[in-house]
Amino acid sequence: MESDTLQSLTFRDAVAEDTDALTALARKTFTDKFGHLYNPEDLAAFLDESHSPEVYKAWLGDPDVLVRVCETDDGALKAYLLCSPLSLPAPDPKVGAVELKRVYVDNSLQGRGIGSRFIDEALAWARGRGAPEMYLSVYSGNLGAQRLYDRLGWEKVAEFLFPVGRHRDLEYLLKLTL
């Protein structure tokens, strides 16, 4: 996907040189949104396991993974999108199903349509791959995201427990037929 600008923000494919900034953004946005749910040790262990430079470097090097970023004029990353082949515990997924793994926007840019734009980009990516369906998980307590996905036609197909250290949260598995 090409770079383009919206409201002095640039949307582009992430590159290997973004690894450190992307890791920092991922850790910050996850903590801002969900950090209050976990004790500090569980949160730190989860961030070290799931939001490490090694994890993001591997995704950036994988041609089957889409990583897009939104940056400000000064080059600061403020939002990101991550899509991949399906890894969620989906019941009877179709061959070629994909996953909208992460859409996070820094609090400073909430409400500017960045998340919705990234969802559109994720769907275009999935359709371009010929994916028959796309899955995502959403925290059971994230009612705003659930309303958004419902408006966009996603349907709840399952529930599962999402581990963060010793803590387990109920996640809803949503599917969109493409």
Side-chain angles (χ1 to χ4, degrees), residues 1-4 6-7 9-15 18 22 25-26 29-30 32-34 37 46 49-51 55-56 58-70 77-106 109-164 167-178:
M1 295 182 183
E2 296 295 316
S3 291
D4 55 84
L6 172 69
Q7 301 174 1
L9 300 173
T10 300
F11 294 81
R12 62 174 176 79
D13 290 333
V15 295
D18 293 320
L22 182 57
L25 174 64
T29 54
F30 184 88
D32 287 350
K33 185 70 177 176
F34 301 113
L37 298 172
F46 174 77
E49 178 183 325
S50 299
H51 292 277
V55 167
Y56 285 95
W59 278 328
L60 288 168
D62 187 337
D64 290 327
V65 173
L66 173 69
V67 185
R68 297 274 291 163
V69 294
C70 172
L77 299 188
K78 293 292 187 175
Y80 75 106
L81 163 68
L82 178 62
C83 298
S84 70
L86 181 63
S87 65
L88 290 166
D92 300 316
K94 292 182 181 176
V95 173
V98 295
E99 179 178 334
L100 193 166
K101 193 172 275 304
R102 297 181 182 161
V103 176
Y104 281 96
V105 179
D106 187 78
L109 293 181
Q110 294 281 330
R112 292 183 67 177
I114 295 167
S116 294
R117 177 184 169 135
F118 274 156
I119 291 169
D120 289 344
E121 289 187 14
L123 295 173
W125 172 81
R127 289 182 178 116
R129 293 174 55 95
E133 55 196 14
M134 183 173 239
Y135 290 84
L136 63 82
S137 71
V138 63
Y139 169 54
S140 61
N142 192 347
L143 302 178
Q146 290 173 45
R147 285 191 295 272
L148 171 65
Y149 294 126
D150 185 58
R151 280 194 310 272
L152 295 174
W154 295 75
E155 64 176 306
K156 180 180 167 187
V157 296
E159 297 178 356
F160 65 98
L161 293 178
F162 181 79
V164 175
H167 189 92
R168 304 287 182 265
D169 281 315
L170 181 63
E171 290 275 319
Y172 297 149
L173 182 66
L174 307 181
K175 176 178 85 170
L176 183 68
T177 302
L178 302 173

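We number each residue from 1, following the sequence as shown.
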>> Assess the residue pair Leu81 and Phe11 against the criterion (side-chain contact (heavy atoms from CB on, under 4.5 Å)); give the C-alpha distance rounded to whole Å, side-chain angles, the decisive distance to 0.1 Å, and a yes or no.
In response: CA-CA 10 Å; Leu81 163 68; Phe11 294 81; over 6 Å; no

>> Run Leu148 and Ile119 through side-chain contact (heavy atoms from CB on, under 4.5 Å) and show every step you take.
In response: CA-CA 10 Å; Leu148 171 65; Ile119 291 169; 3.7 Å; yes

> So His51 and Arg102, side-chain contact (heavy atoms from CB on, under 4.5 Å) or not? Walk me through it.
Replying inline: CA-CA 11 Å; His51 292 277; Arg102 297 181 182 161; 3.1 Å; yes

>> Before you tell me yes or no, could you show the steps for Val105 and Lys78 under side-chain contact (heavy atoms from CB on, under 4.5 Å), namely the whole-Å CA-CA distance, both residues' side-chain angles and the distance that decides it to 0.1 Å?
In response: CA-CA 6 Å; Val105 179; Lys78 293 292 187 175; over 6 Å; no

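Counting heavy atoms from C-beta outward, Leu9 and Leu109 have side chains that approach closer than 4.5 Å.
We find the CG-CG distance between Leu77 and Asp106 to be 10.5 Å, quoted to the nearest 0.5 Å. Between Tyr135 atom OH and Ser84 atom OG the span is 13.5 Å, to the nearest 0.5 Å. Note: Tyr104 OH to Leu22 CG = 12.5 Å, rounded to the nearest 0.5 Å. Here the CG-NZ distance, from Leu88 to Lys101, works out to 6.0 Å after rounding to the nearest 0.5 Å. Atoms CZ and OG1, on Phe34 and Thr29 in that order, are 9.5 Å from each other to the nearest 0.5 Å. Atom-to-atom distance recorded for Glu121:CD and Asp13:CG is 8.5 Å, nearest 0.5 angstrom.
When all heavy atoms are compared, the tightest approach of Glu133 to Asp92 is OE2-O, 4.4 Å. Nearest heavy atom pair, residue Leu25 against residue Ala79, reads CD2-N, 3.4 Å. Across Ala131 and Gly96, no two heavy atoms sit closer than the pair CB-O, 3.4 Å.
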When the side chains of residues 168-176 are checked against the rest of the protein, which donor-acceptor pairs come out under 3.5 Å, sequence neighbours left out?
| unit_1 | atom_1 | unit_2 | atom_2 | d |
| --- | --- | --- | --- | --- |
| Arg168 | NH1 | Gly165 | O | 2.7 |
| Asp169 | OD1 | His167 | NE2 | 3.0 |
| Asp169 | OD2 | Tyr38 | OH | 2.5 |
| Glu171 | OE1 | Ser137 | OG | 3.1 |
| Glu171 | OE1 | Val138 | N | 3.3 |
| Glu171 | OE1 | Tyr139 | N | 3.4 |

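When Arg129, Lys94, Met134 are each tested for a side chain to side chain contact (heavy atoms under 4.5 Å, CB included) with Leu178, only one passes: Met134.
Ring-plane geometry between Trp154 and Tyr149 is classed as perpendicular, the angle between the planes exceeding 60 degrees on a 0 to 90 degree scale with a lower cut at 30.
Residue-environment remark: CD (Glu155) exceeds the threshold of 12 foreign heavy atoms within 6.0 Å.
Outside the 6.0 Å centre-distance limit, the rings of Tyr80 and Phe118 are not counted as a close aromatic pair.
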